[in-house]
Number of protein chains: 2
Amino acid sequence: MDAVQDEAAGKRARGLDRAFEILDFLRHKRQALKPNEIAAQIGAPRSSVYELVNLLLRNGILEFTGGEGRVYLGRKLYFLGAAYENHFDFTRECEATLEHLADETRETAQFCMLDGNKYTVVRMREGARPFRISTDIGQSVPIPWTASGRLLVAHLSDQEILNFIPPEDFRLPSSEWLEPQTFIAEVRHAEREGFFTFNSIVDSFTHCFAVPVRDDEGHIAGTLCLVTPRDDGLANRDRYLACLKKAAADLNQTPTRQKRA
Amino acid sequence: MDAVQDEAAGKRARGLDRAFEILDFLRHKRQALKPNEIAAQIGAPRSSVYELVNLLLRNGILEFTGGEGRVYLGRKLYFLGAAYENHFDFTRECEATLEHLADETRETAQFCMLDGNKYTVVRMREGARPFRISTDIGQSVPIPWTASGRLLVAHLSDQEILNFIPPEDFRLPSSEWLEPQTFIAEVRHAEREGFFTFNSIVDSFTHCFAVPVRDDEGHIAGTLCLVTPRDDGLANRDRYLACLKKAAADLNQTPTRQKRA
DNA sequence: TGTCTATGTCCAATATATCGTACATATGAT
DNA sequence: ATCATATGTACGATATATTGGACATAGACA
């Protein structure tokens, strides 16, 4: 019930899909698990999971860790991820930009992207405040819950947006229902304005700012965000937006471009 | 003829294994390739490669990039790799240690690990010299070609070492043959001494220093290395070794330990 | 024009991967 | 002692994934 793997009932799952379901599951659990536990929690046949886990262990994609036969993501994944990061060399500039933003505003600055059909924080820099606001990086969050979400799906048509976002993700953490048409209207508005800001819907004390970061072809590849206390956000709105836009413009110079190509 | 996937002839390859063969191949090529090219270069059936590439694209493991239908490693791999890095939180301390080492010695400092049955540079910090010595990170190199290699296989028995290292890797870049027994003797010597140094066999002007970094269970998880011009290396041998050992001791305090567990 | 290579799609045959089930063991509760 | 649960292994049946080859298209070249 986590990923997109159901389709019709009574069908066999493909090994590759299940394998990556296991990897994603471990990623979100953020801890080593026994094959048995994995099978139970993702609702897959135990024998299949044992088979796949052994295959992945042999390939270095999973590793034994934590004892008792528990497994977690393996070193090979680190190497592959590093190769991706090296190819699309956004990290270095991104880090510098976030640091600059956080210094300038004293607020928490984030770089966010889509992970499949969810939103995720890729990099974060906490602001210089006595009480700092931070989030877990790498966690998947429903797109409609976030300011960035309004920008990250802007390249899709209305219908594509509805197909792309799982319907249950329009149910907000407050258990309120966000009408998809309302969301789409906000997407179009954000697209035209070039930014989106609102009082966060995942809590009651933060205000969020998001501006788009575009890739070579002009598509929105990610967003730069500020997460601030509500009063600060409202008080400094214009200045913060200006900072964000300038930072994004810098990033757009040399964004997700390949180093060698 | 690249990975370990042949076994007997006439057998079908398992999708999962081939998939990771494709990923590793792209990683080492360090560029986007067409499915057709991938198939030709790894010697796999074209139809299989197209099928697998499409599956991997759907999962975000591969991405279209570079145009003309070329594919490269995808964002999902970055997320998975980041989760690994987060779990085994060696990166931050490692980076600081390397910086310190490079400052102290003005030489190039590296952190190296095994990638399957090859050696690879995980992190590197270039020294402060007019002519700096550097290497590609993430590239696979035969274990016997490197100083670190003597330490990274020290936990294996003689026979296990022979089984682990592909025989052709004892053929040095100079086309000389390194007798496996000689290599093993060097491994045992390095193990006892707690370091290994030599004039590099991959070029004619560098001297290499390597000391082990151990994980919680005392196994060698990686190495810290210095790569220096030969004369500097010989002249400062004792000091450099002392720096390395001190740095490794620092890393061993909080090495590849899980943050939450 | 005809021929070659490079590229991608489609399809049927069969080798095999997935999955249900049974089995083995340990641990803890009743 | 008996039962229930958690964990890992073994194996056969069958749904299907892998594969070779046919087919289509486009460009290069002579």
Side-chain angles (χ1 to χ4, degrees), chain A residues 1-26 29 31-59 61-72 74 261, chain B residues 1-26 29 31-59 61-72 74 261:
Chain A
M1 56 180 61
D2 196 40
V4 279
Q5 40 75 265
D6 11 318
E7 299 285 337
K11 306 214 63 157
R12 286 191 183 181
R14 189 178 263 248
L16 242 183
D17 289 329
R18 245 238 232 261
F20 286 113
E21 192 186 349
I22 291 172
L23 298 184
D24 247 5
F25 180 70
L26 287 172
K29 276 287 179 183
Q31 58 175 309
L33 256 39
K34 299 180 192 178
N36 211 26
E37 299 172 314
I38 298 174
Q41 297 188 46
I42 69 175
R46 291 194 311 134
S47 45
S48 304
V49 172
Y50 274 100
E51 166 93 9
L52 289 171
V53 165
N54 283 325
L55 273 179
L56 294 170
L57 283 169
R58 280 218 321 262
N59 278 303
I61 305 294
L62 289 180
E63 282 176 14
F64 282 118
T65 178
E68 311 260 321
R70 270 182 274 262
V71 297
Y72 192 66
Chain B
M1 58 178 62
D2 197 39
V4 277
Q5 42 75 262
D6 12 317
E7 298 287 334
K11 306 215 63 155
R12 287 190 182 182
R14 187 179 265 248
L16 244 182
D17 289 331
R18 253 219 232 288
F20 287 114
E21 192 185 349
I22 291 173
L23 297 183
D24 246 7
F25 180 69
L26 287 173
K29 276 288 178 182
Q31 57 176 310
L33 255 37
K34 300 181 193 178
N36 211 27
E37 299 172 312
I38 297 174
Q41 297 187 46
I42 68 175
R46 293 193 309 135
S47 45
S48 304
V49 172
Y50 274 100
E51 167 92 9
L52 289 171
V53 164
N54 283 325
L55 273 179
L56 294 170
L57 283 168
R58 281 218 321 263
N59 277 302
I61 306 293
L62 289 179
E63 281 176 16
F64 282 118
T65 178
E68 312 257 324
R70 270 180 275 261
V71 298
Y72 193 66

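Just so it is clear, the structure is predicted and the values come from calculations on it, not from any experiment. Below, read A as the first sequence line, B as the second, and so on, with proteins coming before strands; counting in each chain starts at 1.
- The minimum heavy-atom distance between A:Ala19 and A:Leu56, with the atom names listed, is CB-CD1, 4.2 Å.
- Taking both residues in full, the closest heavy atoms of B:Pro45 and B:Arg18 are given as CD-NH2, 3.5 Å, listed atom of the first, atom of the second, then distance.
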Can you build the contact string for nucleotides 7-12 of chain D? Use B for base contact, S for sugar-phosphate-only contact, and - for no protein heavy atom under 4.0 Å. BBBB--
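- Nearest heavy-atom pair across B:Thr65 and B:Ala32 is O-CB, 3.4 Å.
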Report each atom pair, protein N/O against N/O of nucleotides 26-29 of chain D, whose distance is under 3.5 angstrom.
none

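- Annotation: salt bridge (Lys or Arg N to Asp or Glu O under 4.0 Å) contacts of A:Arg14 (sequence neighbours excluded): B:Glu51.
- Atom P of nucleotide D:dA6 and atom CG of A:Leu33 are separated by 14 Å, given to the nearest angstrom.
- Among all heavy-atom pairs drawn from A:Pro35 and A:Tyr50, the shortest one is CB-CE2, 3.6 Å.
- No contact: B:Ala40 has no heavy atom under 4.0 Å from any strand.
- At distances below 3.5 Å, at least one donor-acceptor pair connects side-chain atoms of B:Asn59 with backbone N or O atoms of B:Leu55.
- Between B:Val71 and B:Leu26 the shortest heavy-atom distance is O-CD2, 3.9 Å.
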Does the side chain to side chain contact (heavy atoms under 4.5 Å, CB included) test come out yes or no for A:Gln31 and A:Arg70, once each step is laid out? CA-CA 9 Å; A:Gln31 58 175 309; A:Arg70 270 182 274 262; over 6 Å; no
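- Listed by first and then second residue, the salt bridge (Lys or Arg N to Asp or Glu O under 4.0 Å) pairs that reach into residues 33-47 of chain B are B:Lys34-B:Glu68, sequence neighbours excluded.
- Straight-line distance from the CG atom of A:Asp17 to the P atom of D:dT18: 10 Å, rounded to whole Å.
- Summarising the geometry, the separation between CD on A:Glu51 and P on C:dC19 is reported as 10 Å, rounded to the nearest angstrom.
- Between the side chain of B:Asp24 and the main chain of B:Phe20, no donor-acceptor pair closer than 3.5 Å is present.
- At a cut-off of 3.5 angstrom, the base of C:dT18 holds no donor-acceptor pair with the side chain of A:Arg14.
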Filtered N/O pairs between nucleotides 25-29 of chain C and protein, under 3.5 Å:
none

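- Across the protein-nucleic acid pair, A:Arg12 atom CZ and C:dG20 atom P stand 9 Å apart, rounded to whole Å.
- In this structure, CG of A:Leu55 is placed 13 Å from C1' of C:dT16, rounded to the nearest angstrom.
- In this structure, the CG atom of B:Leu52 is 14 Å from the C1' atom of C:dA17, given to the nearest Å.
- Residues meeting the side chain to side chain donor-acceptor pair (under 3.5 Å) test with A:Glu63, sequence neighbours left out: none.
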